[in-house]
**Student:** 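Submitted below is the structure of interest, expressed as C-alpha cells.
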Amino acid sequence: MIRVSGLRKTFGEVIAVDDVSFAAEDGAITGLLGPNGAGKSTTLRMLYGLMAPEAGEVAVDGVDVQRRTMAAQERIGALPDTHALYPRLTGRENIRYFARLRGIPADVTEGRLDEFVRLLDMADFVDRRAKGYSHGERSRVLLARALIHEPRNVLLDEPTNGLDVMSTRRMRDLIRELRGRGCAVLFSSHIMQEVSLLCDHIVIVATGRVVAAGSPDAIREAAGCEDLEDAFVRLTGPQEEAA
Amino acid sequence: MRSAGVVFRKELLDGFRDRRAFIAVLVSISIFPIVMLVMGRFAEGIQDELRNMELPVAGQENAPALVEWLAQQPGLELTPAPEDPESAVRNREADLVLRIPADYEERFTEGRPAEVELVADSSRTAGGAKAGRVTRLLESYGQEVAALRLVSRGISPLLIRPLAVERAEVFSSRRRRAFSALGFIPFFLLMNAFFGGMQIASDAIAGERERGSIEALLLNAVPARFLILGKWAAAAVFAVFLTLLGIGTCILVLRFMPGALNISPSVTDWVLVALTAIPLALFCSAIQVVLSTYAKSYKEAQTYFGYVAFLPMIPFFAVTFNWVEQGTWTAFIPILGQHLMILNVMAGEAVAAWELALAGLIALGAAAALLRFASGLFVRESVVFVR
C-alpha cells in the first residue's frame with residue numbers, strides 16, 4: 001500500500017504538485033485522473049523515488065521513499081511515462097535484464113517470462129528485437145518488465161495510452177488480476193472511461209491539486225452530475241466553464 | 001556489485017549489436033596505420049626516384065665541363081631538354097629542367113658568377129626533392145671550381161674555410177628515430193585508448209537518457225554507482241580491446257614499413273607499452289562516462305567528445321615541439337606521462353617498474369574519482385528529466 005501526504009513540487013515558478021495526499025490500498029485499483037499537465041507524472045516520479053518532493057512524504061508498505069529509496073523501490077513495480085525499451089535487445093532480453101538487476105534467480109525469471117508471454121500473448125514478437133515493435137507490442141513487454149519481480153505495489157503511468165482495443169482489454173484484465181492477488185495498483189490516466197471502468201478509488205488532480213477523491217459514485221455525487229465525465233469536466237475544467 | 005556485472009554484460013551485448021557503430025570504430029582506428037604505410041611507400045618511392053633520376057639539360061653545349069661533371073655523378077642521367085622547359089614542367093612532362101644560358105662560358109671565364117637556371121615546380125614532392133638534389137650537386141661543383149681557382153693562384157682553399165663545425169650528437173640514433181618517425185605510435189595508441197569506449201559510453205548513458213529508458217532503469221533498486229560502474233566497464237573493455245588492437249597494428253606497420261626505420265621493439269617492449277596504455281584506456285573511458293552523463297543525447301555526447309579530442313594531441317605536440325622537459329613529474333600526468341613512457345620504450349630505454357605502476361595507479365585513481373562524480377550526476381533530477 002502506498003501513502004502520500006502533503007506532496008509538493010515546484011519547477012521554478014511553476015507549481016507542479018501542491019499538497020497532494022491520497023492512499024492506494026492493497027487489493028484495490030486506484031486511479032490518478034487528471035488532464036494533461038495536471039501533475040500526475042510528477043507525482044508518480046516522487047512515488048518511485050526519482051524526484052525529491054519539496055514537502056510531504058511517500059511511504060510504500062510503510063517504507064519512506066525519501067529516506068530508504070532502495071528499500072521502497074524493491075516493493076514497487078512501475079511503468080514510467082517514457083515507454084522505452086532497448087531497441088537492440090529482444091523483448092525477452094529486455095525483461096530478463098531488469099529481472100537480473102533485481103537479483104531474481106534465472107530459473108524463476110524464465111518461468112515467469114513464459115507465463116507473461118502466454119498471459120499477454122507475446123509469443124509472436126518477444127524474441128524479435130524491440131526496434132520494430134508496434135505500440136501495443138512495446139506496451140506489453142514494458143508491462144511484463146515492470147511486473148517480473150512480482151511487486152506488491154504497481155504504479156502505471158498512462159499504461160493504455162495509444163493502445164488499440166485488444167491491447168487495452170488485455171491490460172485491463174491484467175490490472176484486475178493484480179488486484180485479485182492483493183496488490184496495490186495505482187495508475188494514472190487522462191481518460192475518464194478508462195478510470196471509471198477499472199477503479200475502486202479515484203483521485204482527481206488538476207493544476208497540481210487534488211480536487212476530488214473517492215469511489216466513482218462518491219465523485220458523481222460530489223460534483224452533482226449523473227455522468228462521471230461531466231463530473232470530471234466540472235471538477236478539472238477551466239474556471240470560466242465551472243462558473 | 002552483482003548488478004554492475006548485469007549492466008556490464010547487457011551493455012556489451014548492446015554494443016556488439018550496434019554493428020554500424022562498431023565497424024565505424026574499427027575503420028577509424030585502422031585508417032591511421034594504412035595512411036602511414038601508404039606514406040611510407042610513397043616516401044620510399046621518392047627516395048628511389050632521387051637515387052636514379054633523369055635531368056633534362058637545355059643548352060648543354062654552353063657548359064661542356066659542367067655537363068661532363070654532372071654526367072659522371074652516379075644515379076643521374078642527363079637527357080636533352082624539351083623545347084619549352086617552363087611549359088614542360090608546368091604540364092608535368094618533366095619534373096625539372098636545368099637551363100644553361102649562352103653567356104655561361106663568358107661569365108665563367110671572366111670570373112663572374114655564371115648563372116644556371118633550374119626550372120622546377122616545388123608544389124610537387126618529386127619536383128622539390130629532385131631540385132634539392134640538383135642544387136646540392138651544383139653547389140659542390142661550384143665549391144670544387146672555387147677551390148681549384150684558389151689553388152691556381154697559390155692560395156690554400158682552407159683559408160676560406162675558417163671554421164670546421166663538428167657535431168657530437170648525444171641523442172642516440174635509435175632514440176632520434178623513435179622521436180621523429182615513431183612519434184606516431186604513442187599518439188595513435190592514445191587515440192585508440194581515448195576513443196575506443198566512446199561509442200558504448202555515449203550510447204549506454206547519453207542514449208539511455210535520450211530514449212527515456214533511464215527512468216525505468218533507475219527504479220530497479222540498484223544504486224547509481226553500480227549502474228555507472230557497469231556501463232563504464234563495458235566502455236573500458238572496448239577501449240582496452242581497441243588499444244591492444246592498435247598495438248597489434250603498430251607491430252604490423254613496423255614490420256612492413258619500408259626502409260629507414262629499422263626499429264624492432266622486442267616482445268617485452270610491447271608488453272610494457274600495453275601495461276602503460278591499458279590504465280590510460282580505463283581513465284579515458286571514465287572521461288567519456290562523465291561527458292555522456294552531461295549530454296542530453298547521443299549526438300550531444302559526440303559533440304563533447306569532439307571538444308576533448310585534442311587531449312591526446314597535446315602530448316604529441318608537446319613532445320614534437322619540445323614544450324616539456326622530460327622529468328620525473330611528467331610521467332605521472334595522465335596521457336602526457338603515458339605518451340612519454342611509450343616513446344621511451346620505443347626508443348629502447350628502460351622504464352622503471354615503479355614508474356609504470358605509479359602512473360597506472362594515478363590514472364586508475366583519477367578514473368575512480370570521475371566515476372564517482374558521474375554516479376552522482378546520473379541520478380540528479382535535472383539530468384534524468386530534462387530532455
Side-chain angles (χ1 to χ4, degrees), chain A residues 9 11-12 16 41-42 44-54 60 63 65 68-90 93-104 106 129-131 138 141-143 145-146 148-149 151 155 157, chain B residues 1-22 199-200 203-231 234 296-298 375-387:
Chain A
K9 181 81 183 173
F11 299 109
S41 288
T42 304
L44 286 176
R45 284 165 180 168
M46 289 189 278
L47 260 55
Y48 35 66
L50 294 190
M51 272 190 181
E54 280 159 36
V60 178
V63 177
V65 172
R68 299 176 58 204
T69 310
M70 294 298 132
Q73 281 186 354
E74 277 167 17
R75 293 168 164 77
I76 291 175
L79 180 65
D81 75 328
T82 47
H83 293 179
L85 289 171
Y86 298 104
R88 287 186 294 271
L89 301 187
T90 68
E93 287 166 342
N94 266 285
I95 300 170
R96 224 177 252 148
Y97 178 39
F98 276 31
R100 283 186 185 147
L101 282 177
R102 293 261 185 192
I104 303 168
R129 294 211 185 156
K131 195 175 182 182
R138 193 162 65 232
V141 172
L142 283 163
L143 193 65
R145 193 174 75 169
I148 192 72
H149 57 294
L155 305 170
D157 200 349
Chain B
M1 264 322 257
R2 181 195 48 77
S3 43
V6 174
V7 175
F8 168 69
R9 283 199 299 277
K10 180 262 170 188
E11 297 302 351
L12 267 195
L13 177 69
D14 219 345
F16 271 111
R17 286 196 186 160
D18 192 2
R19 203 159 297 153
R20 221 173 20 163
F22 190 63
Q199 186 61 32
I200 297 230
D203 187 73
I205 299 175
E208 184 104 53
R209 284 182 70 189
E210 188 176 15
R211 285 190 297 267
S213 52
I214 185 173
E215 221 177 313
L217 178 68
L218 289 180
L219 17 110
N220 283 314
V222 178
R225 60 181 185 279
F226 293 141
L227 298 175
I228 286 291
L229 191 64
K231 286 166 184 290
K296 284 186 278 295
S297 69
Y298 179 81
S375 302
L377 199 61
F378 192 55
V379 288
R380 205 176 281 175
E381 258 172 52
S382 56
V383 166
V384 178
F385 293 107
V386 175
R387 277 196 293 274

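Atom set for the values below is all heavy atoms of this structure, side chains included, hydrogens, waters and symmetry mates excluded. Letters go in sequence order (proteins before strands), and every chain restarts at 1. Keep in mind that this is a model prediction, so the values were computed, not measured.
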**Student:** Sort out for me which of Ser213(B), Gly207(B), Ala4(B) touches chain A most, counting heavy-atom pairs under 4.5 Å.
**Tutor:**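 It is Ser213(B).
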
**Student:** CZ of Arg129(A) to CZ of Arg17(B): how many Å apart, nearest 0.5 Å?
**Tutor:**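 So the CZ of Arg129(A) and the CZ of Arg17(B) are separated by 4.5 Å.
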
**Student:** Using a 4.5 angstrom heavy-atom cutoff, name the option from Arg75(A), His149(A), Met70(A), Glu74(A) with the most pairs to chain B.
**Tutor:**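 Greatest number of close heavy-atom pairs with chain B: Met70(A).
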
**Student:** What part of Arg96(A) gets within 4.5 angstrom of chain B, counting heavy atoms only: side chain, backbone, both, or neither?
**Tutor:**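 Neither part.
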
**Student:** Can you tell me which of Leu142(A), Leu89(A), Leu50(A) forms the most heavy-atom pairs within a distance under 4.5 Å of chain B?
**Tutor:**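 Max contact count across the listed options: Leu50(A).
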
**Student:** Could you go step by step and tell me if Glu215(B) and Asp157(A) meet the side chain to side chain contact (heavy atoms under 4.5 Å, CB included) rule?
**Tutor:** CA-CA 12 Å; Glu215(B) 221 177 313; Asp157(A) 200 349; 5.7 Å; no

**Student:** Show the nearest heavy-atom pair for residues Gly212(B) and Ala84(A), with the distance to one decimal.
**Tutor:**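 Result for this residue pair: C-CB, 3.9 Å.
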
**Student:** Kindly indicate whether the side chain of Tyr86(A), heavy atoms from C-beta on, has any atom under 4.5 Å from the side chain of Arg211(B).
**Tutor:**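 Sidechains of Arg211(B) and Tyr86(A): in contact.
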
**Student:** Quick check for you: to the nearest 0.5 Å, what is the distance between Lys10(B) atom NZ and Phe98(A) atom CZ?
**Tutor:**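 Lys10(B) NZ to Phe98(A) CZ: 8.5 Å, rounded to 0.5 Å.
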
**Student:** Which one of Gly5(B), Ala216(B), Ser3(B), Gly230(B) has the most heavy-atom pairs closer than 4.5 Å to chain A?
**Tutor:**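 Option with the top pair count is Ala216(B).
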
**Student:** Taking side chain as everything from C-beta outward and backbone as N, CA, C, O, which of these in Leu217(B) sits under 4.5 Å from a heavy atom of chain A? Side chain, backbone, both or neither.
**Tutor:**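 It is both, since atoms from each part get that close.
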
**Student:** Counting heavy-atom pairs closer than 4.5 Å to chain B, which one of Gly77(A), Ala52(A), Ala146(A), Ala71(A) comes out on top?
**Tutor:**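 Heavy-atom pair counts peak at Ala52(A).
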
**Student:** CG of Leu13(B) to CZ of Arg88(A): how many Å apart, nearest 0.5 Å?
**Tutor:**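 Those atoms lie 9.5 Å apart.
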
**Student:** Roughly how far, to the nearest 0.5 Å, is CG of Leu219(B) from OG1 of Thr69(A)?
**Tutor:**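 The distance works out to 11.5 Å.
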
**Student:** How long is the span from the CZ atom in Phe226(B) to the CG atom in Leu101(A), to the nearest 0.5 Å?
**Tutor:**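 It is 12.0 Å, given to the nearest 0.5 Å.
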
**Student:** Got a second to check how far Arg102(A)'s CZ is from Asn220(B)'s CG, nearest 0.5 Å?
**Tutor:**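 Output value for this atom pair is 4.5 Å.
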
**Student:** So does Glu381(B) pair up with Arg45(A), basic N to acidic O under 4.0 Å?
**Tutor:**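 No, no charged N to carboxylate O under 4.0 Å.
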
